[in-house]
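To find a chain, count down the sequence lines: A is the first, B the second, and so on, and within it residues start at 1.
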Amino acid sequence: MADSLGLSELQKIRLRKVDQFRELGVEPYPTRTRRTHTTGEARARWYSIEKDQNDGGHDSEEITVAGRVVSRRHQGKTLFAHIHDGEGELQLYIRRDVLGDENYERALRLFDLGDFAQASGNLFMTRSGEVSLHVRDLQMLSKALNAPPEKWHGLQDVETRYRQRYADLISNAQVRAVFVMRSRIVTAIRQFLDGRGYMEVETPTLQPLYGGAAARPFITHHNALDQPFYLRIADELYLKRCMVGGFEKVYEITKDFRNEGIDRNHSPEFTMLEFYESFGDYERMMETVEQLVLHATRAVHGGPVFTYQGQEIDVTPPWPRKTLRDAIREASGVDYVAHPDQAGLMSAARAAGADIEEGTVWPRIVDEMLKQFVRPYLIQPMFLIDYPVELSPLAKRKPGDPTHVERFQPYVGGGEIGNAFTELNDPMDQYARFLEQKKDLDAGDLDAMQLDLDFINALMYGMPPAGGVGMGIDRLVMLLTDQSTIRDVILFPAMRNLPTVIGSAPAAEDVLADGN
RNA sequence: GCCCCUCUAGCUCAAUCGGCAGAGCAGUGGACUUUUAAUCCAUUGGUUCAGGGUUCGAGUCCCUGGGGGGGCACCA
């Protein structure tokens with residue numbers, strides 16, 4: 001059976017040890033564990049107990065710990081090893097005269113790096129000052145057939161790190177730390193929003209129509225209904241339906257899916273936070289975003305300051321607010337309001353030094369100027385506000401200025417971390433904007449939004465005035481964990497499918513299944 | 001889609017001008033009863049991503065294909 005896996009020599013040697021355990025009547029994958037202490041609890045215990053001075057300062061009570069064997073040094077009739085569990089490491093001190101010849105030989109020959117083991121014994125402190133467990137009994141909990149990556153350099157190969165994240169997590173503590181921080185950040189966000197009276201809701205991933213953003217979707221098919229479904233590209237339209245229904249403050253943290261290119265800032269599946277507040281507006285939402293980011297930052301850094309790619313960043317509110325128009329004008333000298341036509345804005349932008357492709361439409365020129373002149377320099381937190389209406393089909397116009405909408409984007413560390421509006425709630429205006437999108441869709445624009453009549457119907461019941469925010473959780477996590485690549489904050493990033501290699505060759509089943 | 005870089009033992013990396021594929025870790029055998037990347041002795045392990053070409057000879061040069069990374073384009 002194992003032959004078809006194409007095992008390497010090292011794997012075969014370990015597999016032989018599995019057989020040897022069974023020949024000795026010992027199950028190398030036992031069903032139960034009897035851990036009494038984590039490594040952290042064991043260490044804490046050592047510092048809180050009375051030591052038995054008659055026994056060389058040993059803890060008189062026997063405890064049992066369990067974990068992965070991460071290091072081994074043997075020295076004749078003694079064996080030192082460290083086990084690692086969820087809380088840290090603990091050194092095991094194993095002696096031939098304590099375990100007996102047979103068990104000592106077993107510890108020496110049948111246990112390897114990477115195995116999960118359970119050790120019972122008494123705590124003591126070694127001559128070199130390390131709290132250790134003087135082991136009386138050692139049990140195999142789970143025999144590992146793969147050797148862990150190299151102990152000093154860890155797993156370096158980027159492709160293997162992503163494809164076999166489990167091996168990356170085993171060998172690289174910094175990688176584990178990033179995902180611990182990610183979890184804390186998400187928890188902090190939930191705490192913050194819950195504390196502000198928001199209700200977490202769950203809206204469909206499988207949607208008969210996709211909407212809420214400009215993006216190409218993934219399409220799937222439901223067999224029993226015999227109809228296509230789209231994987232959501234945004235939560236927006238369903239969360240607004242919730243507000244129509246009377247839930248005043250709602251949020252959702254979920255995966256969105258966009259069928260687009262993959263790069264260091266884009267993953268085909270990514271985690272989105274959207275939150276909507278009835279009777280709020282974009283001013284209210286800016287205040288909320290500042291506080292939310294501060295809360296998340298404190299959760300992982302203990303305060304408002306952290307370092308991103310060598311730059312110190314302080315997220316203490318309030319963050320400065322600047323209109324997009326002013327930001328571009330200050331950085332480039334170009335006032336796009338003074339150039340309402342495509343040709344005029346193009347020549348002004350190019351004169352200022354922008355690199356813009358011929359034929360770029362007016363709103364995209366504004367966007368390019370934002371990207372080239374402004375965005376890279378927004379290291380400290382700032383809100384860019386009041387976007388041209390052409391750039392923002394889903395937002396409400398500014399009172400007194402129909403050419404601009406109430407929209408803001410929070411920028412930190414040279415990148416945007418969200419997008420927010422005073423939400424459009426006029427059903428007929430929304431209908432008109434859908435019809436505009438429909439024209440683009442029919443003209444072949446694959447990113448254009450679909451006409452969602454059910455959403456119009458919902459708005460016709462009345463949606464309260466509201467502010468709404470979308471934030472890319474992955475990008476926020478990148479910022480707070482100082483990672484420059486989105487794949488480094490996603491546990492199992494999407495990769496091109498390949499035949500799986502178990503040993504030194506693809507497994508037989510996989511080769512067959514692959515079909516080429 | 002285009003351009004550049006990269007792929008060598010389970011892992012981390014070498015290999016000069018094209019000249020016998022190597023080291024460390026891990027493994028295996030041995031010495032060693034408080035070690036800390038333990039040390040010492042011996043030793044196993046290779047489809048050099050795949051296929052083709054040039055050559056007396058290719059890890060190295062050329063072509064085609066694949067994976068991964070970066071950049072551009074696309075995209076919030």
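Here A/I13 lies in heavy-atom contact (under 4.0 Å) with sugar-phosphate atoms only. Contact annotation for A/R475: no contact, since no heavy-atom pair falls under 4.0 Å across all strands. As judged by a 4.0 angstrom heavy-atom cut-off over every strand, A/R487 is placed among residues touching the sugar-phosphate backbone only. Counting non-hydrogen atoms under 4.0 angstrom, A/K371 reaches a base of the nucleic acid. Looking at heavy-atom distances under 4.0 Å, A/D367 makes contact with a base. Within 4.0 Å (heavy atoms only), A/R163 reaches sugar-phosphate atoms of the nucleic acid but no base atom. Backbone-only contact: A/R264 has heavy atoms under 4.0 Å from sugar-phosphate atoms and none from a base. At a threshold of 4.0 angstrom between heavy atoms, the contacts of A/A167 with the nucleic acid are absent.
Checked against a 6.0 Å centroid threshold, the rings of A/Y387 and A/F408 do not count as neighbours.
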List, with names and distances, any nitrogen or oxygen atoms from the protein found under 3.5 Å away from nitrogen or oxygen atoms belonging to nucleotides 32-35 of chain B.
unit_1, atom_1, unit_2, atom_2, d
B/rC32, N3, A/G76, N, 2.9
B/rC32, N4, A/H74, ND1, 3.2
B/rC32, N4, A/G76, N, 3.4
B/rU33, OP2, A/K77, N, 3.4
B/rU33, O4', A/T78, OG1, 2.7
B/rU33, O2, A/R95, NE, 3.2
B/rU33, O2, A/R95, NH1, 3.2
B/rU33, O2, A/R95, NH2, 2.8
B/rU33, N3, A/R95, NH2, 3.2
B/rU34, OP1, A/Q75, NE2, 3.3
B/rU34, O2', A/R127, NE, 3.1
B/rU34, O2', A/R127, NH1, 3.1
B/rU34, O2, A/R127, N, 2.8
B/rU35, O2, A/R73, NE, 2.8
B/rU35, O2, A/R73, NH2, 2.7
B/rU35, O2, A/Q91, OE1, 3.4
B/rU35, N3, A/Q91, OE1, 2.9
B/rU35, N3, A/Q91, NE2, 2.9
B/rU35, O4, A/Q91, NE2, 2.5
B/rU35, O4, A/T126, OG1, 2.8

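Put simply, the side chain of A/H266 and the base of B/rC75 share a donor and an acceptor less than 3.5 Å apart.
Of the side-chain N and O atoms in A/R496, one or more sit less than 4.0 angstrom from OP1 or OP2 of B/rG68. Between A/K17 and B/rU28 there is a side-chain polar atom (N or O) within less than 4.0 angstrom of OP1 or OP2. Proximity of A/K151 to the phosphate of B/rA26: a side-chain N or O atom is located under 4.0 Å from OP1 or OP2.
A search for side chain to side chain contact (heavy atoms under 4.5 Å, CB included) contacts involving A/I262 returns A/P268, A/R487, not counting sequence neighbours.
Closest-nucleotide positions on RNA chain B for A/E9 and A/T485 were compared, and the one nearer the 5' end corresponds to A/E9.
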